[in-house]
Amino acid sequence: MKGNVLVGQSGGPTAVINSSLAGVFKTAKERGYQKVYGMRFGIQGFLDEQYVDLSDYIRNELELELLKRTPSAFLGTCRYKLPEIHEDKEVFDKVFALLDKLDIEVFIYIGGNDSMDTIRKLSDYALLTGAKQRFVGCPKTIDNDLAITDHTPGFGSAAKYIAASTKEVIRDALGFSYKKKNVNIIEIMGRNAGWLVGATALARQEDCDGPDLIYLPEVPFDIEAFVERVTGLLEKKDVIVAAVSEGIRTADGAYVCELADGAHSKDAFGHIQMTGTASYLAGLVHERLGIKTRAVELSTLQRAAAHLASRVDVDEAFAVGGATVKAADEGSSGVMVVIDRVSDDPYQSAIGVYDVHRIANGEKLVPRSWINAAGDYVTDEFVSYVKPLIQGHYNPMMVAGLPRHLVMNQKNYSDYQI
């Protein structure tokens with residue numbers, strides 16, 4: 001008889017992170033595992049013995065479907081850095097004592113770069129001590145910066161939301177263009193990787209010219225050149241929309257958001273809080289040119305907009321969740337499930353498994369060849385890469401005019417009219 005599965009969610013959530021959780025739960029049950037426990041608030045909560053039996057919340061197909069349509073981390077998340085094994089062995093002893101207590105055979109962590117570092121350390125400790133548990137990482141991040149995998153679940157839906165929102169910002173700005181010039185600057189997440197800000201280029205369609213400028217963190221940002229570029233464009237048109245990554249940096253390595261005095265606090269992994277880039281640049285343009293400017297920061301909406309999730313993204317998130325259980329069930333440990341692209345048109349993908357040591361703490365950036373020579377837009381090759389990932393729509397289950405979500409304090413959904 002098989003034992004139990006333990007699954008947790010870590011780092012910044014996505015619109016489809018719970019689709020992966022649903023995939024883990026369903027596949028674990030189909031493969032004969034007794035219980036699927038969920039860590040409350042990731043490994044940090046688990047160390048405080050915070051966990052639940054997911055069968056108490058996912059009792060039928062309706063609740064499974066609601067879970068797939070629920071944004072943010074259903075179990076709660078954390079940004080908690082495990083020490084290196086030689087630094088604090090007691091932490092690992094505590095984790096493994098809890099795993100033994102719950103008869104855990106499979107440990108699955110849904111997350112990004114830092115979460116894969118957790119899988120790396122735990123699987124290494126298991127090898128050192130001969131522990132029976134197997135550890136598998138399930139990819140997740142809207143930033144799309146995980147190494148090896150073609151893309152990460154969460155990115156496609158965030159890109160879809162960003163592209164749609166960019167079109168809407170452009171429409172709004174054009175509505176105020178009569179005898180009035182204005183500059184709108186949209187700030188996009190992504191930290192050191194420009195995949196998300198590059199997705200604003202998808203707004204360029206038959207009914208929309210798209211943003212005028214796109215700045216990725218892979219290319220040093222020249223503030224004076226930016227102002228000159230905006231000035232030149234304003235001689236030709238009345239409305240300018242620029243998309244900038246939160247992580248753009250000057251040639252000397254300073255984040256632009258630091259100039260806005262908005263990046264001093266740090267998380268457990270040493271990441272600064274990035275905010276204020278668009279506000280700083282909008283203020284600068286207004287000061288220099290004396291025209292109306294507006295800063296638009298999409299912020300957490302980029303990772304929470306489940307109502308605009310890509311069907312491709314939801315389906316792949318569910319598939320990789322199931323694949324993590326399959327990989328562990330077939331004997332793999334110390335690995336992460338990845339998505340391999342088979343073709344763009346028609347879009348097809350496959351699932352593989354790679355050593356987590358090749359992935360943890362790495363960072364996949366946008367190739368320089370996918371950014372134009374001037375460093376202020378992306379190429380057609382970039383657009384072709386992203387476009388298949390935003391296709392299709394995963395309709396919310398609407399109740400009283402709003403999307404219904406699965407939450408832990410709601411026990412019965414059977415009476416709701418969907």
Side-chain angles (χ1 to χ4, degrees), residues 4-14 17 20-21 23-24 27-28 33 36-39 41-47 51 73 75 77-89 91-96 98-100 102 104-141 143 145-149 152-154 268-269 317 320-339 351-364:
N4 302 319
V5 171
L6 178 69
V7 57
Q9 299 168 309
S10 178
T14 79
I17 186 173
S20 293
L21 180 62
V24 169
T27 304
Y33 288 93
V36 182
Y37 289 107
M39 296 177 239
F41 307 105
I43 189 69
Q44 185 176 20
F46 185 64
L47 282 165
Y51 54 85
L75 291 169
T77 186
C78 69
R79 295 190 188 278
Y80 181 82
K81 184 178 178 65
L82 279 178
E84 295 295 335
I85 296 172
H86 68 274
E87 294 174 340
D88 190 352
K89 184 174 174 291
V91 171
F92 293 87
D93 289 339
K94 183 173 183 179
V95 170
F96 279 79
L98 287 171
L99 296 179
D100 289 338
L102 296 175
I104 301 299
E105 285 190 24
V106 175
F107 180 110
I108 292 171
Y109 217 30
I110 304 171
N113 293 313
D114 298 328
S115 304
M116 295 311 114
D117 182 61
T118 297
I119 289 292
R120 174 185 68 85
K121 290 170 179 173
L122 292 175
S123 61
D124 284 352
Y125 189 80
L127 283 173
L128 287 171
T129 60
K132 66 178 183 179
Q133 291 85 7
R134 298 181 294 282
F135 299 85
V136 180
C138 182
K140 170 276 326 171
T141 173
D143 295 345
D145 60 353
L146 273 173
I148 307 296
T149 187
T152 52
F269 293 88
V320 297
T324 57
V325 177
K326 293 176 184 176
D329 197 37
E330 293 167 5
S332 293
S333 186
V335 298
M336 186 188 85
V337 170
V338 303
I339 300 173
I351 292 176
V353 178
Y354 283 82
D355 186 346
V356 76
H357 294 79
R358 298 177 56 192
I359 299 169
N361 301 311
E363 197 169 41
K364 180 184 71 178

* Val325 versus Val106: any side-chain heavy-atom pair under 4.5 Å? -> no
* Taking atom CZ of Phe46 and atom CG of Leu98, what is their separation to the nearest 0.5 Å? -> 4.5 Å
* Structure fact -> All heavy atoms of Asn113 vs all of Ile359, minimum pair found to be OD1-O, 4.3 Å
* Where Ala28 and Val36 come nearest, the two heavy atoms and their spacing -> CB-CG2, 3.6 Å
* Which atoms form the tightest heavy-atom contact between Ala327 and Val353, and what is the distance? -> CB-CG2, 4.1 Å
* Structure fact -> side-chain hydrogen bond (donor to acceptor under 3.5 Å, both in side chains) with Tyr33: of Asp329, Asn4, Thr27, only one passes, and it is Asp329
* **Minimum-distance pair of heavy atoms, taken over all atoms of Pro83 and Asp88** => CG-CB, 3.7 Å
* **Lys132 bridged to Glu105 by N-O distance under 4.0 Å** => no
* Roughly how far, to the nearest 0.5 Å, is the CD1 atom of Ile119 from the CD1 atom of Ile108? -> 8.5 Å
* To do: Using salt bridge (charged side-chain N to carboxylate O under 4.0 Å, His left out) as the criterion, list what pairs up with Asp93, not counting sequence neighbours.
  => Lys89
* To do: Using a strict 4.0 Å threshold on nitrogen-to-oxygen distance, state whether Asp117 and Arg120 make a salt bridge.
  => yes
* Asked: Counting distance only, does the side-chain N/O of Lys364 pair as donor-acceptor with the main-chain N or O of Thr149 below 3.5 Å?
  -> yes
* To do: Applying side-chain contact (heavy atoms from CB on, under 4.5 Å), run through Ile148 and Met336 and close with a yes or a no.
  => CA-CA 10 Å; Ile148 307 296; Met336 186 188 85; 5.8 Å; no
* To do: Taking the six-membered ring for Trp and the single ring otherwise, decide whether the centroids of Tyr80 and Tyr109 are under 6.0 Å apart.
  => no
* Return yes if some donor-acceptor pair links the side-chain N/O of Ser10 with the main-chain N/O of Gly111 below 3.5 Å, else return no. => no
* Within the distance-only criterion (no hydrogens, no angle test), does the side chain of Ser20 pair as donor or acceptor with the backbone N or O of Ala317 below 3.5 angstrom? -> yes
* Output the distance between atom CZ (Phe107) and atom OG1 (Thr118), rounded to the nearest 0.5 Å. => 7.0 Å
* **Spatial distance of atom CD1 (Ile43) from atom SG (Cys78) [nearest 0.5 Å]** => 7.5 Å
* To do: Please report the shortest heavy-atom distance between Thr324 and Cys138, naming the atom on each side.
  => CG2-CB, 3.5 Å
* Expected output: side-chain Ser333 to main-chain Phe135 donor-acceptor under 3.5 Å -> yes
* Please test Leu82 against Leu122 for side-chain contact (heavy atoms from CB on, under 4.5 Å), starting from the C-alpha separation and ending with a verdict. => CA-CA 9 Å; Leu82 279 178; Leu122 292 175; 4.0 Å; yes
* Asked: At what distance, to the nearest 0.5 angstrom, does CE of Met39 lie from CG of Leu75?
  -> 8.5 Å
* Asked: Rounded to the nearest 0.5 Å, how far apart are OG of Ser115 and CD of Gln9?
  -> 10.0 Å
* Nearest non-hydrogen partners of Gly321 and Val24, listed with the distance -> O-CG2, 3.3 Å
* Is there a donor-acceptor pair under 3.5 Å between the side chain of Lys94 and the backbone N or O of Leu47? -> yes
* Asked: Between Tyr51 and Tyr37, how do the two ring planes meet: parallel, tilted or perpendicular, split at 30° and 60°?
  -> perpendicular
* Asked: Considering residues at least two apart in sequence or located in another chain, which fulfil the side-chain hydrogen bond (donor to acceptor under 3.5 Å, both in side chains) criterion with Asp100?
  -> Gln133
* To do: Could you please spell out the steps behind the side-chain contact (heavy atoms from CB on, under 4.5 Å) verdict for His357 and Asp124?
  => CA-CA 10 Å; His357 294 79; Asp124 284 352; 2.9 Å; yes
